[in-house]
2 protein chains.
Amino acid sequence: MNNKEKLRNAGLRPTKQRMIIANILLNGVNRHFTAENLQNEINSSGNSMSIATIYNCLKKFRNCGLIKQVESSKETAIFDTNINQHHHFLDEETGELIDIENEEINLFKLPEIPKGYMNSGVEVLIKLKRQI
Amino acid sequence: MNNKEKLRNAGLRPTKQRMIIANILLNGVNRHFTAENLQNEINSSGNSMSIATIYNCLKKFRNCGLIKQVESSKETAIFDTNINQHHHFLDEETGELIDIENEEINLFKLPEIPKGYMNSGVEVLIKLKRQI
DNA sequence: TTTTTACTTTAAAATCGTTCTAAACTACTT
DNA sequence: AAGTAGTTTAGAACGATTTTAAAGTAAAAA
């Protein structure tokens, strides 16, 4: 399926701007990035786009499940093109995230889900310190 | 050990402001809170404190291990007086966090820690959706 | 005790990421 | 071709957090 179809399937109009972003993000190589990272990449590809549009697109893409947003207490929002359930290492010093594939972690015992709720995803974060 | 001693042990001068905050936070009842939450509580206890001081104190307390900061992609920093390793449910709609004690979760298989790093803590986040 | 020193607090300004606004634009439908 | 609903934009606004620089305070030295 090409990117135009992906956008249409997600219920999004394939505008020029969304196609530029889709072509950067949805090429099969997984990565973590911020809105600003993406703007730099758009600029250096000879295009340009308002930061408002970039945030707008990223939110739409996330709400449609085309990308994910990582749970992390960094001041800047971090997005992830890997939409499979998976986990992360976090280098606490630099803030860098490294993917951990789902099969690498096995949760053996889970607590009871509170009444009235359902489990909508489990994220494991393994914080890393540099070895002394 | 009283709060003044706790501050001294942590290498922090027990100033009037730090004592006010320590008396609110370090009383053994675990809770999640933002800087603004804490300021409201200080105000309603008849004291007052600059928001800069509050942020300052919370960062120092966190760096000394007196409190923790929760990993969460909320726009506002959330702190936690529970400094034991533990986990959280996250109500994705409201942003509310609920503690999960460490024994409630059993990680059966963990990935290999990258070379040059050591594991400095594992956090599990179980995201919750309201049941339909 | 007084003096000195380093650390702390403060209000206000600055900064930074993100969202809002409202006008111009564009994809799609008729 | 015309209509309409959704989209993009620059710039303003916003909210959380940090910085600034001056005044205050705790602890150490004299």
Side-chain angles (χ1 to χ4, degrees), chain A residues 2-24 32-43 45 47-64 66-67 69-80 95 97, chain B residues 2-24 32-43 45 47-64 66-67 69-80 95 97:
Chain A
N2 65 30
N3 288 332
K4 189 171 265 189
E5 286 167 344
K6 281 185 198 163
L7 292 178
R8 280 200 207 282
N9 281 353
L12 298 175
R13 273 192 196 173
T15 64
K16 183 173 151 247
Q17 288 81 354
R18 286 177 186 161
M19 284 302 294
I20 291 172
I21 292 182
N23 289 333
I24 292 176
H32 305 118
F33 62 97
T34 65
E36 202 193 350
N37 294 157
L38 182 56
Q39 190 173 43
N40 291 336
E41 203 160 343
I42 291 169
N43 290 340
S45 78
N47 293 294
S48 81
M49 205 175 296
S50 163
I51 192 69
T53 306
I54 291 173
Y55 275 107
N56 226 312
C57 268
L58 290 177
K59 284 209 299 193
K60 292 253 162 153
F61 278 31
R62 180 197 59 199
N63 293 343
C64 296
L66 291 170
I67 62 176
Q69 183 168 357
V70 180
E71 293 291 336
S72 120
S73 66
K74 297 228 57 186
E75 63 296 337
T76 309
I78 299 173
F79 295 88
D80 191 338
L97 289 168
Chain B
N2 64 29
N3 288 333
K4 190 172 264 189
E5 286 168 344
K6 280 185 198 164
L7 292 178
R8 279 200 209 282
N9 282 354
L12 297 175
R13 275 192 195 172
T15 64
K16 183 174 152 243
Q17 289 80 355
R18 284 176 188 161
M19 285 301 295
I20 291 172
I21 291 182
N23 289 333
I24 292 176
H32 305 116
F33 62 97
T34 64
E36 202 193 350
N37 292 158
L38 182 56
Q39 190 173 42
N40 291 337
E41 203 160 342
I42 291 168
N43 290 341
S45 78
N47 293 294
S48 81
M49 204 175 297
S50 161
I51 192 70
T53 306
I54 292 174
Y55 275 107
N56 226 312
C57 268
L58 290 178
K59 283 208 300 193
K60 291 251 163 155
F61 279 31
R62 180 197 59 198
N63 293 342
C64 296
L66 292 170
I67 61 175
Q69 183 169 357
V70 180
E71 294 290 338
S72 118
S73 65
K74 296 226 58 184
E75 64 294 335
T76 309
I78 299 173
F79 295 89
D80 192 337
L97 289 167

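All figures in this text were calculated on a predicted structure; none of them were measured in a lab. Chain letters run A, B, ... following the sequence lines, proteins first and then strands; every chain starts at 1.
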I'd like a table of atom pairs between the protein and nucleotides 23-30 of chain D - only N or O on both sides, under 3.5 Å - with the distance next to each one.
from   : atom 1 : to     : atom 2 : distance (Å)
D:dA27 : OP1    : B:Arg8 : NH1    : 2.7

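Within the 3.5 Å criterion, the main-chain N or O of B:Arg13 finds a donor-acceptor partner in the side chain of B:Arg18. No side-chain donor-acceptor contact under 3.5 Å links B:Asn56 to the backbone of B:Thr53.
Rounded to whole Å, atom C1' of C:dC16 lies 15 Å from atom CD of B:Glu75. Across the protein-nucleic acid pair, A:Ile21 atom CD1 and D:dT7 atom C1' stand 12 Å apart, rounded to whole Å. If you take CD1 of B:Ile78 and P of D:dG15, they are 18 Å apart, rounded to a whole angstrom. What separates CG of A:Asn63 from P of D:dT7 is a distance of 13 Å, to the nearest Å. Separating the CZ atom of B:Arg18 from the C1' atom of C:dC7 is a distance of 8 Å, rounded to the nearest angstrom. The distance from atom NZ of A:Lys60 to atom C1' of D:dG6 is 8 Å, rounded to the nearest whole Å. As a whole-Å value, the separation of B:Ile51 CD1 from D:dT18 P is 11 Å. Rounded to an integer number of Å, the gap from A:Gln17 CD to D:dT8 C1' is 6 Å.
For C:dT9, neither phosphate oxygen OP1 nor OP2 lies less than 4.0 angstrom from any side-chain nitrogen or oxygen of B:Ser50.
Checking B:Ala52 against A:Ala52, the closest nucleotide of DNA chain D that is more toward the 5' end is the one next to A:Ala52.
Side-chain contact between A:Ile21 and A:Met49 is present, with heavy atoms from C-beta onward closer than 4.5 Å. Side-chain contact between B:Ile42 and B:Ile54 is present, with at least one heavy-atom pair separated by less than 4.5 Å. Under the 4.5 Å side-chain criterion, counting only non-hydrogen atoms from C-beta, B:Leu7 is not in contact with B:Thr15.
B:Lys74 comes within 4.0 angstrom of nothing in the nucleic acid, heavy atoms only. When heavy atoms are screened at a 4.0 angstrom cut-off, B:Thr76 is found touching the sugar-phosphate backbone but no base atom.
Across all non-hydrogen atoms, the minimal contact from A:Ser72 to A:Ile78 is OG-CD1, 4.1 Å.
Annotation: salt bridge (Lys or Arg N to Asp or Glu O under 4.0 Å) contacts of B:Glu41 (sequence neighbours excluded): B:Arg31.
Comparing atom distances between the B:Asn56 side chain and each of C:dT9, D:dA16, D:dT7 picks out C:dT9 as nearest.
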